Amino acid sequence: MKGDPNFCTLCYFLDLNRKTASSELLLLGLKNNSFNFSSTWQTAWGCAGDAWGVPVRVVELRGIKGCNDFPTQTSIPYQPYLSCGLKRIMDAFQNTSNGSVQALKDLKLRQMPRWIFFFDAETLPLPHMDLKHFVQNSNPSLFLFEDFHTGAIYPNSFLARVDEYSHSFFTFVDNFYHSLRETTRVKRLHHSALEVALLHWLKDELP
């Protein structure tokens, strides 16, 4: 679906639900360039959202206002859109004066989300793990996930409360990414930027 380019913030999206769903949790897929997902992936997330009673949307990162003006770079085509997209999405839902209302219209949501689970094309839901129950009694604002094989922070999946802490974190990561981008050429820069930015972010809390 395509929103009005004169007004939309999140201008291209897919609705994976087959049933109408309204919840304080939003499952939000992130895609760069085109919606060429497998039917299995779409069905898995759509069915999970229907079973849990939560909306499932997928947004096109280059269709997010403010994230479509990067120069073409074949070595790192995804990372600048991802860090920018995460920041802009949190901007939209944190801006209660106008932006959040527009974001609801853009994604055709019936309820303002208090939590957003970001996922990508390599992430699949676990049917027995209802994220809606998981966040009901959670105090932290942000959950990060590790790669099972390497222990590295997975840079494309996050569970974030829609609050100032998460908004500040994604803004910090995006700013940190751009500061590194000016001085280095790392093909998987977002992975590096996220982990290094996380250390800087937590430096006063780490022993």
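Because the structure is predicted, anything quoted here is derived from the model rather than measured. Atom set for the values below is all heavy atoms of this structure, side chains included, hydrogens, waters and symmetry mates excluded.
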message: side chain to side chain contact (heavy atoms under 4.5 Å, CB included) for L199 and K203? Distances and angles first, verdict last.
response: CA-CA 6 Å; L199 290 175; K203 64 182 179 181; over 6 Å; no
query: Hey, mind stepping through R114 and L25 against side chain to side chain contact (heavy atoms under 4.5 Å, CB included) and telling me if it holds?
result: CA-CA 6 Å; R114 291 182 58 246; L25 172 65; over 6 Å; no
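The CZ atom of R88 sits 5.5 Å away from the SG atom of C67 when rounded to the nearest 0.5 Å. Rounded to the nearest 0.5 Å, atoms CZ (F143) and CG (L131) are 10.5 Å apart.
For S39, the side-chain contact (heavy atoms from CB on, under 4.5 Å) criterion is met by no residue, not counting sequence neighbours. In terms of the side-chain contact (heavy atoms from CB on, under 4.5 Å) criterion, residue partners of D163 (sequence neighbours excluded) are, by chain and number, S141, R161, Y165, S166. Listed by chain and number, the residues in a side-chain contact (heavy atoms from CB on, under 4.5 Å) with L124 are W41, A44 (sequence neighbours excluded). In this structure T123 satisfies the side-chain hydrogen bond (donor to acceptor under 3.5 Å, both in side chains) test together with D120, S157, sequence neighbours excluded. Remark: N17 pairs with D15, A21, D50, P55, V56, R57 by the side-chain contact (heavy atoms from CB on, under 4.5 Å) rule, at least two apart or across chains. Every residue two or more places apart in sequence or in another chain that forms a side-chain hydrogen bond (donor to acceptor under 3.5 Å, both in side chains) with E164 is listed here: Q94, S168.
Taking the six-membered ring for Trp and the full ring otherwise, F170 and F158 have centroids separated by under 6.0 Å.
Judged by distance alone, the side chain of K19 and the main-chain N or O of G53 form no donor-acceptor pair under 3.5 Å. Judged by distance alone, the side chain of D106 and the main-chain N or O of T9 form a donor-acceptor pair under 3.5 Å.
Between W45 and F117, the ring-plane angle classifies as tilted under the 30° and 60° cut-offs.
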